[in-house]
Amino acid sequence: MKPSEIKKLIISSLSVDADPKEASMRLEEEGISYDFSKGFGDKILDKLFSAGLTINREVEFVRSMNFAFYRIALTGVAAIVVLLISIFLMQGSLSFNSFLGLSDSYDESIVCLLTGN
Amino acid sequence: MIKESYSVTGENQLLKAALDGDKKAFGEIVTRYQKMVARTVKGMLGDSVFAEDIGQEVFIKLYYSLSEFRGEAKLSTYIQKIAVNLTLNEIKRRKRFFSMFSQKGNNEMYEFEVADHDTEERKEASEIVNKALMAMDPKFRIIVTMRMLQGYSTKETAEILDLPLGTVLSRLSRAQGQLRNILEKL
């Protein structure tokens, strides 16, 4: 069947008065069919009967961990950016001393701060 | 007594045996319904390894929820509902992920490999359908998958998707329009 005919068939299969079963069968005849790979059933049975629920739970756990990790990482990056901006606004530069809050401090003033004299 | 083959056994007997922990009975259920699940999952997510994973999850979830199946609906409807829910959840998860970490468009959330076909024409037909489906809005794609790939009537589609008949009819008409536009560009 030519591509234009396939397109017509697809569109007509969605008409309210079309017979959906007949349309899906015709599409299947034209090569539009789906199936899982070989050994699909065996993989499921192995998961269910050899390792039980654990594997399924592990997969779910890894998935949620991945998602949580991305959320945390994104929040962390946002926090760092905010911190950098606030340091820049407060200290006027992004030098190492600015990070440590020492931009305007001299050795003597640190001693004063520490000893209180 | 455990039977050697369940190929001609009725659905109720199969279910009872599977509930009793009979591996072969559940294997027969997988064999009977795997193509149906593949049409839903691969039609919605594209023909990829991820779709295979979701397909496996469908049957694993079915196994652990067999005791909750009361037999009020057909087993195929029950399995189909699990497949639809897991597939839509996966689409939501991907959408969330792509909206946070990627500038890619919706179409690139899906990938598909065109299976080997005996002729170039059949391969091309398969490619057209996959590309068109992946370009559709998921809420219309599910309607098209149910009707075009599964051959379900509007009433059956409404039952599986838990939607009013009127909603299915209106989405079907809008899906047809969207699909027409997509196919014109292919």
Side-chain angles (χ1 to χ4, degrees), chain A residues 1-57 59-60 63-64 66-67 70-71 73-75 77-78, chain B residues 21 23 26-27 30-31 34-35 37-43 47 49 51-53 55-57 59-61 63-64 93 96-97 100-101 115 117-119 121-126 128-130 132 143-144 146-154 156-157 169 172-173 175-176 179-180 183-184 186:
Chain A
M1 203 181 254
K2 287 176 187 169
S4 56
E5 287 170 314
I6 284 287
K7 288 176 186 177
K8 265 186 198 167
L9 181 59
I10 293 170
I11 296 294
S12 63
S13 74
L14 298 182
S15 299
V16 183
D17 46 352
D19 179 0
K21 279 198 171 61
E22 197 195 317
S24 77
M25 272 168 64
R26 277 194 69 192
L27 282 168
E28 200 164 343
E29 281 165 17
E30 294 306 323
I32 294 123
S33 62
Y34 298 88
D35 203 353
F36 293 115
S37 59
K38 268 188 180 177
F40 174 80
D42 293 335
K43 281 182 204 161
I44 293 169
L45 296 181
D46 283 349
K47 279 189 178 179
L48 285 171
F49 296 97
S50 59
L53 193 58
T54 344
I55 291 175
N56 193 29
R57 278 191 179 154
V59 172
E60 281 292 313
R63 273 191 175 188
S64 9
N66 272 346
F67 186 66
Y70 284 124
R71 292 296 287 265
L74 198 73
T75 317
V77 169
Chain B
K23 188 177 166 179
F26 191 72
V30 175
T31 310
Q34 75 172 66
K35 263 197 152 187
V37 171
R39 281 195 289 265
T40 299
V41 175
K42 292 193 169 187
D47 195 352
V49 282
E52 295 257 345
D53 288 345
Q56 286 184 24
E57 270 185 51
F59 286 104
I60 289 169
K61 196 159 183 186
Y63 184 78
Y64 289 108
R93 198 183 66 81
R96 216 162 39 212
F97 177 84
M100 278 167 76
F101 304 107
H117 288 279
D118 43 3
T119 65
E121 259 185 9
R122 288 165 78 88
K123 192 178 173 182
E124 203 173 1
S126 184
I128 289 171
V129 172
N130 282 319
I143 303 278
V144 176
M146 291 293 119
R147 190 170 178 96
M148 189 179 80
L149 301 181
Q150 300 284 14
Y152 287 137
S153 67
T154 323
E156 286 168 320
T157 307
L169 281 167
L172 188 63
S173 146
Q176 197 179 24
L179 201 56
R180 192 175 282 123
L183 288 171
E184 271 170 17
L186 286 179

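Values in this document were obtained by computation on a predicted structure and should not be read as measured data. Sequence lines set the chain letters: A, B, ... in the order given, protein chains first and strands last, and positions in each chain run from 1.
- Of the residues considered (B:K42, B:K35, B:E52), B:E52 shows the highest number of contacts with chain A, using heavy-atom pairs under 4.5 Å.
- Contact of B:Y152 with chain A is made through the backbone alone, with heavy-atom distances under 4.5 Å.
- Applying the side-chain hydrogen bond (donor to acceptor under 3.5 Å, both in side chains) rule to A:D35 yields the partners B:Q34; only residues at least two apart in sequence or on another chain are considered.
- Heavy atoms from other residues, nucleotides or ligands lying under 6.0 Å from CD of A:E22 number 12 at most.
- Judged as a side chain to side chain contact (heavy atoms under 4.5 Å, CB included), and not counting sequence neighbours, the contacts of B:L183 are A:K7, A:I10, A:I11, B:I128, B:A132, B:L179, B:L186.
- Remark: A:E28 CD to B:M148 CE distance equals 12.0 Å, nearest 0.5 Å.
- Annotation: the span from A:S64 atom OG to B:R93 atom CZ amounts to 10.0 Å, rounded to 0.5 Å.
- The greatest number of non-hydrogen atom pairs below 4.5 Å with chain A, out of B:T31, B:V30, B:L149, is found for B:L149.
- For B:I143, no part lies near chain A; criterion is any non-hydrogen pair under 4.5 Å.
- Between A:S13 and B:R147, the closest side-chain pair of non-hydrogen atoms is not below 4.5 Å.
- Heavy atoms of A:I6 lying under 4.5 Å from chain B belong exclusively to its side chain.
- To the nearest 0.5 Å, the span separating OH on A:Y34 from CZ on B:R39 amounts to 10.5 Å.
- The shortest distance between side-chain heavy atoms of A:L48 and B:F59 does not fall below 4.5 Å.
- At a cut-off of 3.5 Å, with distance as the only test, no side-chain donor of B:Q150 or A:S24 sits close to an acceptor on the other residue.
- Between B:V37 and A:F40 there is no side-chain heavy-atom pair separated by less than 4.5 Å.
- Proximity to chain B (any heavy atom under 4.5 Å) is shown, for A:S15, by both the backbone and the side chain.
- For the residue pair A:K43 / B:Q56, no side-chain donor-acceptor distance below 3.5 Å is found, with atom types taken as modelled.
- Ranking B:L169, B:D53, B:V144 against chain A, the residue ahead of the rest is B:V144, based on heavy-atom pairs under 4.5 Å.
- Put simply, the side chain of A:E30 never gets that close to the backbone of B:A125: no donor and acceptor are under 3.5 Å apart.
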